[in-house]
Amino acid sequence: MTITLQDVAGILGLPTDGTVVIGSTSEDWHAACAAVFGHVPEAGEFHHSGDLCISFLDRHYTRWTGHEGNHAAEIYFTKAHIARMLGTWLLADKSGGSNFGCRLVPLLGGGFEDIGRFSWGSAVLTHLFRNLFNAVQKFKPHEVTHCRATLDTLCRDEVVWQPYIEYEWLDVTPEQQYLWLAPTPIIYFHTVEACQPDRCMRQFGLNQPIPEKSRKLRGIHDHTLRGKVEENWRRKQRD
């Protein structure tokens, strides 16, 4: 069992195809915030690590009252809501929702149709995989063995192999179905993880053969933002 792009689409309703969520981690963040949110962060609201305090958004965009009827203000408010949702929930970090990565701000600079073209679903799954990996490293060997043994003792009727088969709202095209089945690396800025749906084919109503050996993304999997805050990850991952 593993979490797949189909799970992300089914549970969160996020697009799992489209433009990769990637870019530079070195920008004029004050100018970027001014363009996207209509305001510039004050001293103390921006961290040199590349994070922006949620209090910056709260200070300007907590209540809808006062923004309705002003088209530009409505756009700023909506983008602030999207940023808050991405940075404190879907792509949250260990700040506990008090910060969000400035690297996301330029991706919200276009129209809403442009924002919707990003593969937010694959970014969320990449981020989740990396954090699950980091969390598991803290487990003791006997704890991991216990979790695996619990799964191994499940009977066939205790597992819902196709949880979304009756979800009529999950409108799936053949292209999306093919994408969900593709064993491929998925990317979120510096994070690259292996998506391996070939290890849970029953979720797609298919027979499960013996899967190939797990993919090892040597070198790439070890990328972090530490010491690389001025990296252009679009160029680096392409190389």
Side-chain angles (χ1 to χ4, degrees), residues 1-25 50 82-83 85-94 100-108 110 114-137 162-164 167 170-204 206 208-209 211-226 228 231-239:
M1 297 180 183
T2 188
I3 306 166
T4 69
L5 289 172
Q6 184 191 44
D7 292 306
V8 177
I11 296 172
L12 301 176
L14 293 172
T16 54
D17 56 353
T19 306
V20 176
V21 179
I22 198 170
S24 174
T25 47
I82 294 172
M85 182 172 59
L86 289 172
T88 65
W89 179 41
L90 296 172
L91 297 165
D93 59 23
K94 60 184 179 182
F100 71 97
C102 283
R103 58 187 176 275
L104 294 170
V105 175
L107 305 184
L108 307 180
D114 297 321
I115 296 172
R117 290 194 179 104
F118 285 101
S119 181
W120 296 109
S122 63
V124 168
L125 185 59
T126 306
H127 186 65
L128 177 62
F129 277 166
R130 175 58 60 89
N131 283 278
L132 285 174
F133 171 81
N134 292 336
V136 168
Q137 304 310 302
Q162 293 182 269
Y164 312 110
Y167 283 26
L170 189 58
D171 187 18
V172 182
T173 65
E175 291 78 12
Q176 288 173 321
Q177 182 77 1
Y178 176 79
L179 179 65
W180 291 346
L181 289 169
T184 181
I186 48 179
I187 300 173
Y188 168 56
F189 279 90
H190 63 288
T191 307
V192 182
E193 294 289 332
C195 187
Q196 302 180 91
D198 55 319
R199 307 181 76 82
C200 55
M201 300 301 282
R202 286 193 179 97
Q203 180 169 325
F204 302 96
L206 304 172
Q208 178 63 63
E212 298 290 334
K213 187 177 180 179
S214 296
R215 299 186 64 181
K216 302 294 184 183
L217 302 174
R218 299 188 182 278
I220 301 177
H221 187 266
D222 298 330
H223 282 167
T224 68
L225 284 177
R226 187 174 301 169
K228 305 181 184 69
E231 193 73 67
N232 186 327
W233 291 96
R234 180 179 287 107
R235 180 174 58 246
K236 186 174 181 64
Q237 305 292 23
R238 183 176 63 241
D239 296 340

Please round to the nearest 0.5 Å and tell me the distance separating atom CG of Leu179 and atom CG of Leu5. 6.0 Å
Closest heavy-atom contact between Pro183 and Pro197? CA-CD, 3.9 Å
Give the C-alpha distance, both sets of side-chain angles, the deciding distance and a yes or no for side chain to side chain contact (heavy atoms under 4.5 Å, CB included) between Phe100 and Val105. CA-CA 9 Å; Phe100 71 97; Val105 175; 3.9 Å; yes
Got a second to check how far Leu107's CG is from Leu86's CG, nearest 0.5 Å? 9.0 Å
Is a donor on one side and an acceptor on the other found under 3.5 Å between the side chain of Gln208 and the backbone of Asp198? yes
Any side-chain to backbone donor/acceptor pair from Trp120 onto Val21? Under 3.5 Å, distance only. no
For Tyr188, which of Leu128, Val124, Thr126 qualifies under side-chain contact (heavy atoms from CB on, under 4.5 Å)? Thr126
Identified side-chain contact (heavy atoms from CB on, under 4.5 Å) partner of Phe129 from the options Asn134, Thr191, Val192, Thr2: Thr2
Residues Pro106 and Arg103: closest non-hydrogen pair is CD-O, 3.5 Å
If you round to the nearest 0.5 Å, how far is CD1 of Ile187 from SG of Cys195? 12.0 Å
Nearest heavy-atom neighbours spanning Gly116 and Pro15: O-CG, 4.1 Å
For Leu108 and Ala83, work out which heavy atoms get closest and say how close. CD1-CB, 3.8 Å
Rounded to the nearest 0.5 Å, how far apart are CD1 of Ile22 and OG of Ser119? 12.0 Å
Look at the side chain of Glu193 and the backbone N and O of His127, then say whether any donor-acceptor pair between them is shorter than 3.5 Å. no
Walk me through it: do Leu132 and Ile3 pass the test side chain to side chain contact (heavy atoms under 4.5 Å, CB included)? CA-CA 11 Å; Leu132 285 174; Ile3 306 166; 4.0 Å; yes
Rounded to the nearest 0.5 angstrom, the CZ-CG distance for Arg117 and Asp17 is 12.0 Å
So, for Ala123 and Leu91, which heavy atoms are closest and what is the spacing to 0.1 Å? O-CD2, 3.8 Å
Nearest 0.5 angstrom please: Gln6 CD to Tyr164 OH, how far? 6.5 Å
Run the numbers on Phe118 and Leu104 for side chain to side chain contact (heavy atoms under 4.5 Å, CB included), then give the verdict. CA-CA 11 Å; Phe118 285 101; Leu104 294 170; over 6 Å; no
Looking at Glu212, I'd like to know if its CD atom is crowded, meaning that more than 12 non-hydrogen atoms belonging to other residues, nucleotides or ligands lie closer than 6.0 Å. no
Evaluation steps, side chain to side chain contact (heavy atoms under 4.5 Å, CB included), between Leu181 and Leu206: CA-CA 11 Å; Leu181 289 169; Leu206 304 172; 4.1 Å; yes
Please tell me whether Thr16 and Trp180 have a donor and an acceptor in their side chains that are separated by less than 3.5 angstrom. yes
Could you tell me whether the side chains of Gln203 and Thr4 share a donor-acceptor contact shorter than 3.5 Å? yes
